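Each ligand, and each atom within it, is numbered from 1 in the order the structure gives. Note that the structure is predicted; figures quoted are calculated from it, not measured.
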Amino acid sequence: MKEKQLRLEGICRYYGEITAVEDVDLTVEQGEFLVLLGPSGSGKTTLLSMMGGFTEPSSGKIYIGDEDITSMPPAFRPTVTVFQDYALFPHMSVQDNVGFGLTMRRISRQERIKKVEESLDKVGLQDFGSRNIHQLSGGQRQRVALARAIAVEPAVLLLDEPLGALDLKIRHQMQEELVHLQKSLNTTFVHVTHDQDEAMGMADNIALINHGKIMDYGPPERVYLRPANLFTANFMGDSNLIEASIKSQQDGRASVVSPYGTFEVPCQLQPGASVNIVWRPEQIRAGSSDPCEGVIDLGEAKVMEVVFQGTHRQCNVCCGTKMDQELTLKMSPRSPVAEGDLLPIYALESDAVVLAD
Ligand code: ADP
Ligand code: MG
């Protein structure tokens, strides 16, 4: 269904000298769950606010389907925004809060009551309609804000860090529920967060933003396992970066010189180029490797620190031919590894991501 596609073309937003959003092109398909992910101050709220019509772009165009909505006021757009602070009316009951948008749209009383009930049902608050807002927990308030948003059946739901104020357990529960809700409604969601785990767990696609620009875009697996650049590699989880230079390259295989010796990786760059080879902590393995194709022997490592983290043991090791490199490994929680141990380590060629400096 192409007709409700949300499209941004060359969107910029300046505040005096500050560039909050710079030349963003972005397409969100009907029924997609898009996450805008980035550090604080990267421009996520500004971008979302332009989609919702609360901030006007300095330049560029926003479309829903074929319609140019760049200058359309929020109330006329087929979008609804859920804010982090919920923005509920504290003196009104739950059902009056949820029905507020419907009243504004002059929906008949009968229809309104039905839609309020349906919406409360969808967020699991069917028995809470007559409560007051101050009688609800943080998680329940967020559900009311969500019910109010879906009651008007927007084409696009915009959510600005909606789970930021909730404690970890409720947040995880709400993440799952939000995804189920989105899939069952088949409404387009654009969800802002600074938390990469939240983004990976929820998104169909992630747009990773830094300094107002999209640094990387794609499904979570691709963005995590094949980061497009060093910013992405560092922001999405932990990374081990190995600095190396390309000695020779033929048919997409390069021989690289590194502090771990010389080895081969898949790479298109030319000889002389400086690169960073990225392996995630879980991709560096301890133990003797059989010298077979696709396995890169990284020599011996000395364990400097072991931190038990429940699901794994994080090990910081010293390694490289001069023992002057540091890597982080994730090992089994049952592993008997201890400080001072010497371990052979290796990694797989197929896991290596080679990024230009
Ligand atoms: P995020 O939501 O990713 O934390 P924002 O979109 O809120 O980032 O902000 C992006 C940049 O724009 C920041 O440098 C911020 O200080 C600036 N900014 C946002 N809103 C305004 C404003 N109304 N006036 C001036 N600067 C702003
Ligand atoms: Mg923000």
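Ranking protein heavy atoms by distance to atom 12 (O) of ligand 1, first place goes to A20 CB, 3.3 Å. Nearest protein heavy-atom contact of atom 4 (O) of ligand 1 is G41 N, 2.6 Å. In this structure, the protein non-hydrogen atom closest to atom 27 (C) of ligand 1 is Y15 CD1, 3.3 Å. From the protein, the heavy atom lying nearest to atom 5 (P) of ligand 1 is T46 OG1, 3.6 Å. Among protein heavy atoms, the minimum distance from atom 16 (O) of ligand 1 is reached at I18 CD1, 4.8 Å. Looking only at protein heavy atoms, the nearest one to atom 7 (O) of ligand 1 is T45 CB, 3.7 Å.
The Mg ion (ligand 2) has an N, O or S atom of T45 closer than 2.8 Å.
Taking 4.0 Å as the cut-off between side-chain N and carboxylate O, E177 and R143 count as a salt-bridged pair. One finds no salt bridge joining D160 and K44 here, because no Lys/Arg side-chain nitrogen approaches an Asp/Glu carboxylate oxygen to under 4.0 Å.
By the definition of a contact as any protein heavy atom under 4.0 Å away, atom 19 (C) of ligand 1 is in contact.
The backbone N or O of Q140 sits less than 3.5 Å from a side-chain atom of S137, completing a donor-acceptor pair. At distances below 3.5 Å, at least one donor-acceptor pair connects side-chain atoms of S58 with backbone N or O atoms of Y14.
Just one residue in the list H194, Q196, M202 forms a side chain to side chain contact (heavy atoms under 4.5 Å, CB included) with E198, and that residue is M202.
Close approach of ligand 1 to S42 is summarised as follows: ligand atoms under 4.0 Å from at least one heavy atom of the residue are 1 (P), 3 (O), 8 (O). Every atom of ligand 1 with a heavy atom of S40 under 4.0 Å away is listed here by number and element: 4 (O).
In terms of polar-atom proximity, defined here as any N/O pair under 3.5 Å, G43 does make such a contact with ligand 1.
Within the 4.5 Å cutoff, no side-chain heavy atoms of L178 are placed close to those of Q173. With contacts defined as side-chain heavy-atom distances shorter than 4.5 Å, the pair M50/I11 qualifies.
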- prompt: Does the side chain to side chain contact (heavy atoms under 4.5 Å, CB included) test come out yes or no for V256 and F263, once each step is laid out?
  reply: CA-CA 6 Å; V256 296; F263 53 83; 3.7 Å; yes
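Using a non-hydrogen distance threshold of 4.0 Å, P39 registers as a contact of ligand 1.
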